[in-house]
2 protein chains.
Amino acid sequence: MKGRQVTIKDIAAELGISASTVSRALKDHPDISVETKKAVNELAEKLNYKPNVLALSLRQSRSKIIGVIIPELIHHFFSSVISGIDDLAYANGYSVMIAQSNESFEREVNETQVMLSSRVAGVLVSVSKKTKNFEHFQVLEDNGIPVVFFDRVSKEMKMDKVVVDDFDGAFKAVDYLIKTGCKRIAHYGTSMHLLIGKNRHNGYLHALFKNNIPIDDSLIFKCDDYDEAWYLTEKLIKSGNMPDGIFAVNDITAIGALQAVKHLGLRVPEDISIVGFTNGRISTMSDPPLTTIEQHGYEMGQIAVRILLNRLEKDEEEHEPETRVIKTDLIVRESTKQI
Amino acid sequence: MKGRQVTIKDIAAELGISASTVSRALKDHPDISVETKKAVNELAEKLNYKPNVLALSLRQSRSKIIGVIIPELIHHFFSSVISGIDDLAYANGYSVMIAQSNESFEREVNETQVMLSSRVAGVLVSVSKKTKNFEHFQVLEDNGIPVVFFDRVSKEMKMDKVVVDDFDGAFKAVDYLIKTGCKRIAHYGTSMHLLIGKNRHNGYLHALFKNNIPIDDSLIFKCDDYDEAWYLTEKLIKSGNMPDGIFAVNDITAIGALQAVKHLGLRVPEDISIVGFTNGRISTMSDPPLTTIEQHGYEMGQIAVRILLNRLEKDEEEHEPETRVIKTDLIVRESTKQI
DNA sequence: AACGTCATCGCAAACGTTTGCGAAATTCCC
DNA sequence: GGGAATTTCGCAAACGTTTGCGATGACGTT
């Protein structure tokens with residue numbers, strides 16, 4: 001019952017041989033006779049021996065754990081990414097340690113300390129909204145722990161990144177709105193110090209520009225969650241400054257706007273068209289279903305892992321930071337008009 | 001740059017004292033003089049020393065990692081649970097290692113091996129739909145790794161569990177449907193070998209019974225996802241065997257049914273009332289918003305951690321498995337009629 | 001018979017930390 | 001000032017594993 005776990009020594013003792021021999025036998029070292037190997041393997045099987053990865057990691061001072069730091073777990077996009085991370089990590093014999101910062105800078109810093117303490121092989125991170133300083137990640141790199149950022153990244157960090165083509169995605173969304181007849185398109189965006197905020201904003205501007213639509217600052221807002229969107233949309237409509245299209249930085253915000261529009265007795269898309277960003281599960285559940293941008297979270301997770309594993313293999317020599325950009329797709333549903 | 005990490009020995013060498021002294025100084029052992037402590041702590045700070053938890057875990061053969069095995073990450077309920085787990089684990093100095101089984105029995109078994117290898121302190125698990133055999137979890141217990149199950153549990157396992165009061169939740173849902181005038185209530189349920197499937201089913205039956213409504217087997221189905229629900233609902237309505245209420249085993253299924261009903265030109269809740277289970281994010285996003293059962297995933301995660309930590313503290317002596325039941329709440333929205 | 005060649009295995013150190021025990025050095029007490 | 005008590009620290013072992021090196025025998029070769 002309540003037992004210690006079986007070790008190599010237990011096997012060695014029971015067989016009357018040394019621990020080294022058992023170790024070598026288990027990994028099919030040529031120095032060991034077939035009979036010994038057979039005996040060792042059989043006993044290991046019988047005792048349900050599992051190598052102690054702690055000891056292993058300690059020995060070669062590198063663990064098979066990938067650390068992941070994200071702002072929030074309860075979020076379709078992030079859980080997609082983690083799912084991609086977990087699947088590929090698992091396929092390569094790595095385990096995944098997660099830590100959510102809950103959008104708190106202090107906790108994010110603390111989590112990097114934990115990663116350091118745990119001697120993880122590498123860290124994948126999407127920074128919190130409050131993070132404007134990246135020293136704690138540099139510390140990881142300085143201690144030999146490679147860091148790969150995904151989605152929420154910043155320009156100033158000279159490290160590996162994998163991001164979605166936010167500019168192009170936003171452009172596609174807004175361009176589509178225009179092509180379906182919208183002329184007064186509002187943008188609900190997130191913090192501009194996050195690249196994703198800035199890039200989506202710029203994509204929005206670029207689409208207007210390309211289509212010769214003047215920029216109207218009274219239609220551009222910092223607004224990135226459900227309740228905010230509801231409130232803002234209601235205010236906007238009642239104020240008389242009503243847009244005929246809304247491009248929101250994510251699906252939740254888009255749906256908040258959508259609900260508010262319907263609540264006021266207006267129709268989507270006839271009166272106001274709406275486009276979100278992410279293509280999460282909810283985008284098919286709203287009424288009407290949401291036109292949005294597919295962000296390929298699962299693939300993003302996988303790519304991040306692949307970049308990390310690559311770095312871990314050829315770990316020496318100076319390394320030139322790489323930025324991978326994932327293309328988005330416009331998913332047309334019924335919250336926008338026909339083209 | 002590309003450095004090894006700082007160890008206790010580095011500090012000891014630089015200060016010309018022994019590693020033991022540094023170790024004791026760092027944890028404020030009374031045997032060490034104040035000046036030494038001061039010197040050690042300052043240097044540790046300066047060098048950014050972080051204890052190597054691998055070595056620590058190896059030493060006392062127990063790590064500060066909680067393993068979590070779940071069927072699917074991309075799922076509002078499960079990510080809520082993990083979020084609760086992570087927050088409480090973090091507060092108690094533990095890290096969280098996740099592993100998704102993707103509803104595969106083989107992978108679930110493999111993940112338990114990994115947990116064993118990693119010498120995690122304990123494991124929290126929600127079993128896959130395919131799991132009908134629980135030996136792999138018994139192996140964990142036999143090796144001194146406590147296991148706590150949550151949500152998806154089975155009767156035959158004699159271990160700690162934390163579940164939602166599925167019976168009562170289902171009862172509340174169906175009872176409410178009846179009170180609002182429904183007479184022909186369909187049930188879309190999940191596998192009966194999962195306790196949650198059976199209990200919700202029984203809660204459904206009990207509500208019918210209490211209200212003297214005969215059970216109609218032609219209204220009971222195994223159907224637990226979006227597409228299935230859409231298809232089944234459409235078939236059901238067209239076949240003329242139309243229910244006036246639907247109680248679904250989760251929100252996604254409920255919304256699938258809701259969409260199908262609307263698609264056929266019928267109204268929710270006037271023609272058919274619908275109740276889901278979970279109260280996930282999507283339940284507020286549908287049109288009309290979904291009446292559902294709040295399942296308290298975040299709290300469930302926290303309770304699971306608390307049970308585990310309790311066991312880890314007084315780890316000796318035989319332990320009587322405990323089952324914690326979390327009460328549900330009926331959340332009334334607009335997919336049901338007024339009472 | 002003397003030597004080299006293999007095949008097979010064990011010793012011991014190392015990874016970073018903790019901790020019981022003992023060893024100095026200092027202080028105290030009478 | 002002699003002994004005891006106290007303070008402050010170091011030694012070494014241990015956790016489980018890997019691995020360079022050396023050891024032991026059994027052979028085969030001259």
Side-chain angles (χ1 to χ4, degrees), chain A residues 3-41 43-44 47-65 93 116-121 143-145, chain B residues 3-41 43-44 47-65 93 116-121 143-145:
Chain A
R4 276 173 44 270
Q5 309 206 19
V6 182
T7 77
I8 261 186
K9 291 186 185 177
D10 299 327
I11 300 182
E14 185 142 347
L15 256 41
I17 58 181
S18 81
S20 355
T21 303
V22 175
S23 171
R24 281 188 261 253
L26 286 172
K27 40 190 46 179
D28 207 27
H29 191 287
D31 269 11
I32 307 297
S33 73
V34 270
E35 308 95 53
T36 308
K37 281 180 187 167
K38 187 155 171 295
V40 168
N41 281 308
L43 188 56
L47 297 182
N48 191 32
Y49 166 77
K50 299 289 168 217
N52 184 328
V53 301
L54 293 176
L56 218 167
S57 303
L58 180 59
R59 176 108 224 288
Q60 42 218 41
S61 23
R62 60 197 307 238
S63 73
K64 297 276 268 181
I65 299 181
L116 212 45
S117 249
S118 304
R119 268 43 173 189
V120 297
N143 284 65
I145 299 182
Chain B
R4 274 172 45 270
Q5 309 205 21
V6 182
T7 78
I8 258 186
K9 292 185 185 176
D10 298 328
I11 300 183
E14 185 142 348
L15 255 42
I17 58 182
S18 81
S20 358
T21 304
V22 175
S23 171
R24 281 188 260 253
L26 286 172
K27 42 190 44 180
D28 208 27
H29 191 287
D31 269 11
I32 306 298
S33 72
V34 269
E35 307 94 54
T36 308
K37 281 179 187 168
K38 187 155 171 293
V40 168
N41 281 308
L43 187 56
L47 298 182
N48 190 31
Y49 166 77
K50 300 289 167 217
N52 184 327
V53 301
L54 293 176
L56 218 168
S57 303
L58 180 60
R59 177 104 223 291
Q60 41 217 42
S61 23
R62 59 192 314 230
S63 73
K64 296 275 268 180
I65 299 181
L116 211 46
S117 249
S118 305
R119 267 45 173 189
V120 296
N143 284 65
I145 300 182

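All values derive from a computational prediction rather than experimental measurement. In what follows, chains are A, B, ... by sequence order, proteins preceding strands, each numbered from 1.
- Side-chain contact check for B:Leu15 versus B:Thr21: every heavy-atom pair is 4.5 Å or farther apart.
- Across all strands, A:Ser23 comes closer than 4.0 Å to base atoms (heavy-atom distances).
- Protein atom NZ of B:Lys27 is 10 Å distant from nucleotide atom P of C:dT17, rounded to whole Å.
- Comparing atom distances between the A:Lys9 side chain and each of D:dC15, D:dG10, C:dT8 picks out D:dC15 as nearest.
- The base of D:dC11 lies close enough to the side chain of B:Ser20 for a donor and an acceptor atom to sit less than 3.5 Å apart.
- The OH atom of B:Tyr49 sits 6 Å away from the P atom of C:dT18 (whole-angstrom rounding).
- Atom C1' of nucleotide D:dT8 and atom CG of B:Leu15 are separated by 15 Å, given to the nearest angstrom.
- With hydrogens and angles ignored, no donor-acceptor pair closer than 3.5 Å exists between the side chain of A:Arg62 and the base of C:dG16.
- No side-chain donor-acceptor contact under 3.5 Å links B:Ser118 to the backbone of B:Val120.
- Rounded to an integer number of Å, the gap from CD1 of B:Ile11 to P of D:dC9 is 15 Å.
- The nearest pair of heavy atoms linking B:Leu116 to B:Ile145 is CD1-CD1, 3.7 Å.
- Only A:Pro51, A:Asn52, A:Ala55, A:Arg59, listed by number, bring a heavy atom of residues 51-61 of chain A to less than 4.0 angstrom from any atom of DNA chain D.
- Heavy-atom minimum distance, A:Ile8 versus A:Tyr49: CG1-OH, 3.5 Å.
- Heavy-atom nearest nucleotides on DNA chain D were determined for B:Gly16 and for A:Thr21, and the one closer to the 5' end corresponds to B:Gly16.
- Here D:dT19 presents its C1' atom at 15 Å from CG of A:Leu26, a figure rounded to the nearest Å.
- Of the side-chain N and O atoms in A:Ser18, one or more sit less than 4.0 angstrom from OP1 or OP2 of C:dG10.
- Looking at B:Arg24, its side chain comes within 3.5 Å of the base of D:dG10 through a donor and an acceptor atom.
- Comparing D:dC9, C:dT17, C:dA12 by their nearest atom to the side chain of B:Thr36 picks out D:dC9.
- Atom-to-atom, NZ of B:Lys64 to P of C:dG16 comes out at 22 Å; the value is rounded to the nearest Å.
- Inter-residue side-chain proximity for A:Arg119 and B:Asn52 is flagged as met; some heavy-atom pair is nearer than 4.5 Å.
- Side-chain contact between A:Leu43 and A:Val22: absent, with no pair of heavy atoms (C-beta onward) separated by less than 4.5 Å.
- Rounded to a whole Å, the NE2 atom of B:His29 is 16 Å from the P atom of D:dT6.
- The CG atom of A:Asp31 sits 16 Å away from the P atom of C:dC11 (whole-angstrom rounding).
- Of the possible polar contacts, none joining the A:Lys64 side chain to the A:Ser57 backbone as a donor-acceptor pair under 3.5 Å is found.
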